Trainee: 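Encoded as C-alpha cells, here's the structure I'll be asking about.
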Amino acid sequence: MASPKLRSTFDYGLPLIESGRLYRASSIARRIQNLEPTPEDTLRTIRGPAQYETKSAVTLGRIYGMFHAATMGGANDCLLLRAGTTLYRHAGWNREWEVLTFHAGGSINALSAEERQTYPDAFVGINGKVIWSNGVDRPLVIDVSERYGNLVYPLGFERGPSAPTVLAPSQVPGDDALQVDNQADVPPNWLGYSKPGGIGTIGDETAGQDGSLQAGAWVYYQQYEDLAGNVSPLSPASNLASLATQPTWYPRYSVAAARQDPYYVGNTTDDLTRQFVVKNLQGGPEHVAYQRVYRSRDMKHFTFEPHLVARIPGNRPLLYPDSNPDAYLGARSVPEDVIPVPRFRIACEYQGRLVVANSSAEPGALWISEPGRAGTFLAKHKIVPDSGGAEITGVWSHAGRLFAYTPTSMYVVILDAEGIRSEPVSGSIGCVAPKSFAGVEDGSFVWRARDGLYASDGGEPRLVSAEITATINTLNDGRAGRSVAAYDAETQQYLCAVATASSHNNDLILAYSARLGGCREQVHQMTYSALCVTNDDRRYLLGGGRYNIGAGLKNDVFILGRENRIFATLTKTAKLLTNELRMDPQGMRRFKLQTIYLGFIECETPG
C-alpha cells in the first residue's frame with residue numbers, strides 16, 4: 001500500500017436501490033440482491049430465513065394462508081395456518097401444530113385444497129376474532145379470545161329457518177254457530193287449538209252487545225342467532241292464524257245447550273282473546289345459540305310489520321305458546337333485512353365492520369357487515385362498485401376510508417346515513433393481488449398492480465417501482481393473484497413475494513423502501529405462499545413457504561430476518577452491480593484508480 005502522503009482518498013456514496021437500466025446516477029445501482037439497508041445507510045446481507053417451529057412432527061400440506069392475532073394486550077396470542085385441507089393453530093406450549101376443531105366437535109380437516117386456487121386464503125382480525133374464507137368452503141369464525149383460538153364456528157348463516165307452523169282456533173264457516181253432534185252450538189274460535197290468551201283485537205259494541213272480539217289475522221316468522229349475535233335471514237311467513245268476530249254475549253239455538261253449558265252467558269272481552277302456538281320441527285344448525293320468534297300485529301287493523309315476541313335459547317325444534325297482546329309488541333324490535341353470508345374470496349376490516357367481496361356467484365359485488373357483527377349483512381349494504389360489474393380484486397381500509405379495486409380501477413366506497421355508494425379514484429390503475437396490501441412507515445399503503453407496485457395515501461396512486469420495470473416485465477402475470485406481501489418493521493421494507501416467468505410459485509421478493517424511494521430484490525431459494533407479521537411487540541415477519549430438501553419439496557413456516565443452528569439456512573448469493581464511480585458528487589473530476597478498497601462491517605449473526 002502506498003504511504004499516506006502518496007494516497008488520495010475519497011468517499012463513494014453507496015447505492016441503496018436498484019434499476020434495471022444500464023446507465024443511471026451513482027445513487028442507483030443496476031441490481032441489488034439479498035442486501036438490505038441499515039439505519040446508517042449501509043447495506044448488509046439479509047439473514048435467514050429460519051424454521052419457525054423446529055420440533056414439530058406434523059407434515060404440512062401446501063400453505064394457503066397464515067395469520068397472527070393477539071388479544072388481552074398481547075397476553076393471548078394465536079398463530080393460525082391453513083395447510084392442505086386442514087386449519088391449524090400453533091401450540092407453542094407443545095412446540096407443535098394442532099388441528100382446530102369445531103365448537104360442537106369434529107376436526108377442521110376437509111377444506112378444499114385446489115392447487116390452482118386463484119387467490120390466497122382471506123384472514124381478517126376483527127373484534128377479538130379471526131374470520132377465514134377461501135371462497136369455496138363455508139367461512140369460519142375463529143374466536144382467539146377463547147381457548148387460544150380453538151373455538152371455531154361458521155360465520156353467520158347461509159340460509160334462514162323454514163316457515164314455522166301456527167296452531168290457532170279454526171274458523172267457523174257460514175253462520176255464527178256450527179251444529180256439532182246435534183248437541184251443542186259451537187261459537188266462533190272454539191274449534192282447533194282454542195285456549196284462553198291475550199291475542200285479539202277488542203272492538204266497539206256489535207249488534208247492540210256490550211263488546212266484541214274483532215276479526216283478525218296474524219303470521220309468524222323465525223330467525224336464528226349465533227354465539228356472536230349474528231342473525232340469519234328471516235324465515236318465510238307461517239300459515240295464517242285468524243280469529244273470527246265474536247261478541248261477549250252469545251245467543252243459544254238449542255235448549256239442551258242452554259241447560260248443559262251456561263258458560264256462554266255473560267262473557268267478558270278477556271274471555272274472547274286466544275293463545276296461539278308456533279312450532280317448527282326443523283332444528284337449527286349447531287352454532288345456533290338462540291331462536292327468535294316474530295309476529296305481526298293484527299293485519300286487519302295494523303301494519304304487516306313483524307315484531308319480536310321471544311328469544312328462545314338453544315337450537316332444538318321449536319314449540320312456543322304465545323299469549324302476548326299486540327300492544328306488547330309495539331316497543332319490541334323489528335327484524336332487519338338480513339341476507340345470507342356469501343362465500344367470499346377477499347376481505348378486510350373497516351371501522352368495526354367486516355368487508356367481503358368477490359363470491360363465485362357475484363365476483364363484482366361487495367358487502368359490508370353490521371358493526372360488531374361480522375356475520376350479519378343487510379341488503380342495503382351491498383354494492384357493485386364498478387358500473388360494468390368488473391371483478392373485485394382487492395379491498396383495503398386506510399385512514400377511515402374504504403377502497404375497492406378491480407384489475408384496472410380504484411374506487412372509494414362511502415357508507416353513511418344516505419346509504420352506500422362508490423366514487424372512482426383512478427380509472428387506469430387497479431390491483432391484481434388481494435394479499436399484496438400493506439401499510440408502510442410514511443403513512444401510505446402499497447400494493448401490486450398490473451404494471452408494478454403502487455403507493456397511495458388515499459389519493460391518486462403513484463408508481464414506486466418505475467426503476468425496476470424491466471424486472472416487473474419478467475414476472476408471471478398469470479400467477480399475479482397469488483402474490484403476498486407484508487411490512488417488515490425492523491428493516492422498514494415492504495416485501496412482496498412474486499412469481500418470475502419461469503415459476504408457478506412466488507420465488508422472488510421485491511423489497512420497497514419508502515424512505516429511500518426504491519426497490520431491491522431478495523431470492524431465498526424457496527417460494528412463499530403466505531406472509532404475515534406477528535401482532536405483538538416482537539413484530540416478527542413470518543412466511544409460509546416451500547423448499548427443496550433434496551428428497552423432494554417440504555412445506556413449513558419460517559421467520560425472516562433470523563437464523564438458528566438447527567435449520568441449515570439455504571444458500572443465498574448477495575449481489576451489488578453498479579455502473580460507475582465518481583470522484584466528486586457532480587462527477588466532474590477526472591481520475592485514475594489503481595486500487596479500490598471496500599469496507600465491511602462485521603455483524604453478529606446467531607449460529
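Model, not experiment: these values are computed from the prediction.
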Trainee: List in chain and number order the residues that pass ring pair (Phe, Tyr, Trp, His ring centres under 6.0 Å) with Tyr494, two or more places apart in sequence or in another chain; answer none if no residue qualifies.
Mentor: none
Trainee: According to salt bridge (Lys or Arg N to Asp or Glu O under 4.0 Å), who are the partners of Asp488, at least two apart in sequence or on a separate chain?
Mentor: none
Trainee: Sorted by first residue and then second, give each salt bridge (Lys or Arg N to Asp or Glu O under 4.0 Å) pair with at least one member in residues 277-297; sequence neighbours left out.
Mentor: Glu225-Arg292, Arg295-Asp322, Arg295-Asp326
Trainee: Taking distance alone, no hydrogens or angles, what donor-acceptor pairs closer than 3.5 Å link side-chain atoms of residues 363-371 to residues at least two apart or in another chain?
Mentor:
unit_1 : atom_1 : unit_2 : atom_2 : d
Ser369 : OG     : Leu354 : N      : 2.8
Ser369 : OG     : Arg373 : O      : 3.4
Glu370 : OE2    : His381 : ND1    : 3.2

Trainee: Relative to each other, are the rings of Tyr224 and Phe157 parallel, tilted or perpendicular (30° and 60° limits)?
Mentor: tilted
Trainee: For Phe276, check ring pair (Phe, Tyr, Trp, His ring centres under 6.0 Å) against everything at least two apart and list the hits.
Mentor: Trp218
Trainee: Under 3.5 Å, which donor-acceptor pairs do the side chains of residues 409-421 form with other protein atoms, sequence neighbours left out?
Mentor:
unit_1 : atom_1 : unit_2 : atom_2 : d
Tyr411 : OH     : Asp386 : OD1    : 2.5
Asp416 : OD1    : Glu418 : N      : 3.0
Asp416 : OD1    : Gly419 : N      : 3.3
Asp416 : OD1    : Arg421 : NH1    : 3.4
Asp416 : OD2    : Arg421 : NH1    : 2.9
Asp416 : OD2    : Arg421 : NH2    : 3.4

Trainee: Partners of Glu391 by salt bridge (Lys or Arg N to Asp or Glu O under 4.0 Å), sequence neighbours excluded?
Mentor: none
Trainee: Can you tell me how the ring of His90 sits relative to the ring of Trp97, calling it parallel under 30°, perpendicular over 60° and tilted otherwise?
Mentor: tilted
Trainee: Is the closest side-chain heavy-atom distance between Ser235 and Ser162 below 4.5 Å?
Mentor: no
Trainee: Tell me whether the NZ or CZ atom of Arg311 lies within the 45° cone about the ring axis of Tyr290 and under 6.0 Å from its centre.
Mentor: yes
Trainee: Under the salt bridge (Lys or Arg N to Asp or Glu O under 4.0 Å) rule, collect the residues that match up with Arg450, sequence neighbours excluded.
Mentor: none
Trainee: Apply side-chain hydrogen bond (donor to acceptor under 3.5 Å, both in side chains) to Thr408 and list each qualifying residue two or more places apart in sequence or on a separate chain.
Mentor: none
Trainee: Kindly write out the residues that satisfy ring pair (Phe, Tyr, Trp, His ring centres under 6.0 Å) with His307, not counting sequence neighbours, or none if the list is empty.
Mentor: none
Trainee: Do Arg401 and Phe403 meet the cation-pi criteria used here (NZ or CZ under 6.0 Å from the six-membered ring centre, within 45° of the axis)?
Mentor: no
Trainee: Could you check whether any side-chain N or O of Ser397 sits under 3.5 Å from a backbone N or O of Leu402, counting only pairs where one atom can act as donor and the other as acceptor?
Mentor: no
Trainee: Got a sec, which residues hit ring pair (Phe, Tyr, Trp, His ring centres under 6.0 Å) with Tyr221, two or more places apart in sequence or on another chain?
Mentor: none
Trainee: Got a sec, which residues hit salt bridge (Lys or Arg N to Asp or Glu O under 4.0 Å) with Asp451, two or more places apart in sequence or on another chain?
Mentor: none
Trainee: With distance as the sole test, does Asp457 use its side chain to make a donor-acceptor pair with the main-chain N or O of Ser444 at under 3.5 Å?
Mentor: no
Trainee: Report yes if some heavy atom in the side chain of Arg538 is under 4.5 Å from a heavy atom in the side chain of Asp77; otherwise report no.
Mentor: yes
